[in-house]
Novice: 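Let me begin by handing over the structure; questions about it come next.
Values in this document were obtained by computation on a predicted structure and should not be read as measured data.
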Amino acid sequence: MLGTLEMHVMLAILRQNGTAYGVSIADTLQERTGKRHSLGAIYTTLERLKDKKYVTGRVGEATAERGGRKKTYFALTGVGQSALDETLNATARLQEGARGRRLIGAFAK
Amino acid sequence: MNERKGPKLKFDKVIVSHDDLDHRLTAEQAAVAAKVRESEIAASVREKKVFRRLGMLESMMLSLQQSARIAWSNASHEPARWGLFILNLVTKASERESVLGDAREQFSRNSKRFGLRSAQFTFWWDVLVSTIHFAWRPIATTLGMLGLGKLLGRL
C-alpha cells in the first residue's frame with residue numbers, strides 16, 4: 001500500500017504523461033489538492049518510490065530559467081502502476097461504505 | 001489746468017505695452033512700470049533657469065532610479081545564494097542538479113507571478129522545510145538500521 005503523498009505524487013506523474021518533474025509535480029499537487037508541498041517533500045517521496053522501483057527518472061534539458069541545470073523527468077513503471085491501482089481500488093472500496101454512513105449521519109442531524 | 005508732476009521727458013504720455021494700448025500713463029508711472037516689468041522679466045528668466053536646472057536634476061534622478069530599479073530587478077531574479085548553498089549541502093549528488101534547478105525555476109516563476117518579496121519568502125520557507133526533509137532522511141535510515149525506530153515507537 002502507498003502513503004497519501006506517494007499516491008498523490010504518482011497520480012500527478014500519471015497526469016503529466018512523461019513530462020513530470022519536480023516543479024510541475026508541486027504545481028499539480030497545489031492545483032488539485034490545494035496543499036503546497038516543498039521540493040524536499042516531493043524529492044524524498046520520489047526517492048522512496050524509486051527505491052521501491054515504482055518510478056524511473058530520465059535526465060531532460062536545461063533552461064536559462066533554471067540556471068543551466070537539467071531537469072529530471074519521472075515516469076511510472078509497470079510495478080508502480082499496479083501498486084497505484086491496488087491502492088486506489090482499496091481506497092474506493094473503503095469509501096463505498098463510508099459515504100453511506102456519512103449520508104445517514106447527515107440526514108439524522 | 002491740472003498739471004501732472006514728473007520728470008520732464010519728451011513725451012508726456014507713453015504706451016506701456018500692447019495690452020495696455022488704452023491705458024496711458026504719465027512718464028514717471030511708465031518708467032516705474034517699465035522697471036517693474038524689467039525686474040519681473042529678469043525674475044522669470046531666473047526662475048526658468050532654476051526650473052530648467054531642477055528639471056534636469058529631476059530627470060537625472062528619475063533615470064538613475066529607473067536604472068537602479070532595473071538592475072535590482074535583474075539581480076533579484078536569482079534566489080539567495082545562501083539558500084542554494086544550503087540545498088547544495090543537504091541534497092544527494094544524484095538529485096542535486098534537478099533540485100537546485102527546480103528551486104531556481106520556482107523562484108523565478110514566483111517572482112514574476114507574486115513579486116520579489118513573496119518569492120524570497122517562499123524560497124526561504126522551501127529551503128527550511130526541504131532541509132528538514134533531506135536531513136531527516138539519513139537520520140531515519142540510521143535509526144531504522146539500529147532498530148531504534150521500533151524502540152522509540154514502543155515508548
Side-chain angles (χ1 to χ4, degrees), chain A residues 3-6 8-10 12-13 16 18-77, chain B residues 73-81 83-114 118-145 149:
Chain A
T4 313
L5 188 56
E6 285 176 338
H8 286 177
V9 167
M10 284 177 85
I13 292 170
Q16 288 169 54
T19 57
Y21 66 104
V23 176
S24 71
I25 293 169
D27 286 348
T28 309
L29 289 182
Q30 189 170 10
E31 190 187 312
R32 295 278 154 183
T33 65
K35 198 178 173 190
R36 200 183 161 278
H37 294 279
S38 69
L39 287 173
I42 287 163
Y43 272 93
T44 43
T45 309
L46 282 168
E47 207 208 349
R48 257 199 325 270
L49 293 171
K50 263 188 182 176
D51 291 344
K52 292 177 187 172
K53 314 268 186 210
Y54 290 168
V55 160
T56 52
R58 71 177 166 85
V59 178
E61 78 281 356
T63 57
E65 198 183 26
R66 300 172 60 82
R69 293 179 188 274
K70 288 173 184 168
K71 288 177 186 175
T72 305
Y73 289 114
F74 296 95
L76 295 193
T77 60
Chain B
S73 65
N74 283 345
S76 56
H77 279 304
E78 295 284 313
R81 283 184 187 178
L84 290 175
F85 177 71
I86 292 166
L87 281 179
N88 196 31
L89 281 181
V90 293
T91 48
K92 282 184 178 177
S94 57
E95 63 193 10
R96 194 165 293 149
E97 178 101 357
S98 49
V99 171
L100 293 180
D102 282 354
R104 272 172 177 268
E105 190 180 328
Q106 221 168 32
F107 178 84
S108 173
R109 280 189 192 181
N110 286 342
S111 64
K112 280 174 196 164
R113 231 185 272 171
F114 308 114
S118 171
Q120 279 173 337
F121 177 79
T122 315
F123 173 74
W124 276 109
W125 179 253
D126 223 35
V127 168
L128 181 75
V129 177
S130 298
T131 304
I132 294 166
H133 273 103
F134 287 129
W136 173 246
R137 195 167 48 182
I139 296 167
T141 313
T142 316
L143 284 176
M145 280 168 71

Novice: Could you check Gln106(B) against Glu65(A) for side chain to side chain contact (heavy atoms under 4.5 Å, CB included), going step by step and ending with a plain yes or no?
Specialist: CA-CA 9 Å; Gln106(B) 221 168 32; Glu65(A) 198 183 26; over 6 Å; no
Novice: Is Arg32(A) atom CZ crowded by more than 12 heavy atoms from other residues, nucleotides or ligands, each under 6.0 Å away?
Specialist: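 Result for CZ/Arg32(A): open.
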Novice: Need one label for Arg36(A): side chain, backbone, both or neither, based on atoms under 4.5 Å from any heavy atom in chain B.
Specialist: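 Arg36(A) touches chain B through side-chain heavy atoms alone.
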Novice: Step by step, would you call Trp136(B) with Thr44(A) a side chain to side chain contact (heavy atoms under 4.5 Å, CB included)?
Specialist: CA-CA 10 Å; Trp136(B) 173 246; Thr44(A) 43; over 6 Å; no
Novice: State, with a plain yes or no, whether a side-chain heavy atom of Ser130(B) is found less than 4.5 Å away from one of Tyr43(A).
Specialist: no
Novice: Nearest 0.5 Å, please: how far is CZ in Phe123(B) from CG in Leu39(A)?
Specialist: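 The distance works out to 9.5 Å.
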Novice: Can you tell me which portion of Ala62(A) sits under 4.5 Å from chain B's heavy atoms? Options are side chain, backbone, both or neither.
Specialist: neither
Novice: Rounded to the nearest 0.5 Å, what's the gap from CZ on Arg66(A) to OG on Ser108(B)? Could you check?
Specialist: 11.0 Å
Novice: So Tyr21(A) and Glu105(B), do their side chains get closer than 4.5 Å, heavy atoms only?
Specialist: yes
Novice: Would you please name every residue forming a side chain to side chain contact (heavy atoms under 4.5 Å, CB included) with Glu97(B), sequence neighbours left out?
Specialist: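 Checked Glu97(B) against side chain to side chain contact (heavy atoms under 4.5 Å, CB included); matches are Arg69(A), Lys70(A).
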Novice: For Asp102(B) and Lys71(A), what are the C-alpha separation, side-chain angles and deciding distance, and is it a salt bridge (Lys or Arg N to Asp or Glu O under 4.0 Å)?
Specialist: CA-CA 8 Å; Asp102(B) 282 354; Lys71(A) 288 177 186 175; over 6 Å; no
Novice: Determine whether more than 12 heavy atoms belonging to other residues, nucleotides or ligands lie under 6.0 Å from atom NZ of Lys53(A).
Specialist: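 For Lys53(A), atom NZ is not crowded (no more than 12 foreign heavy atoms under 6.0 Å).
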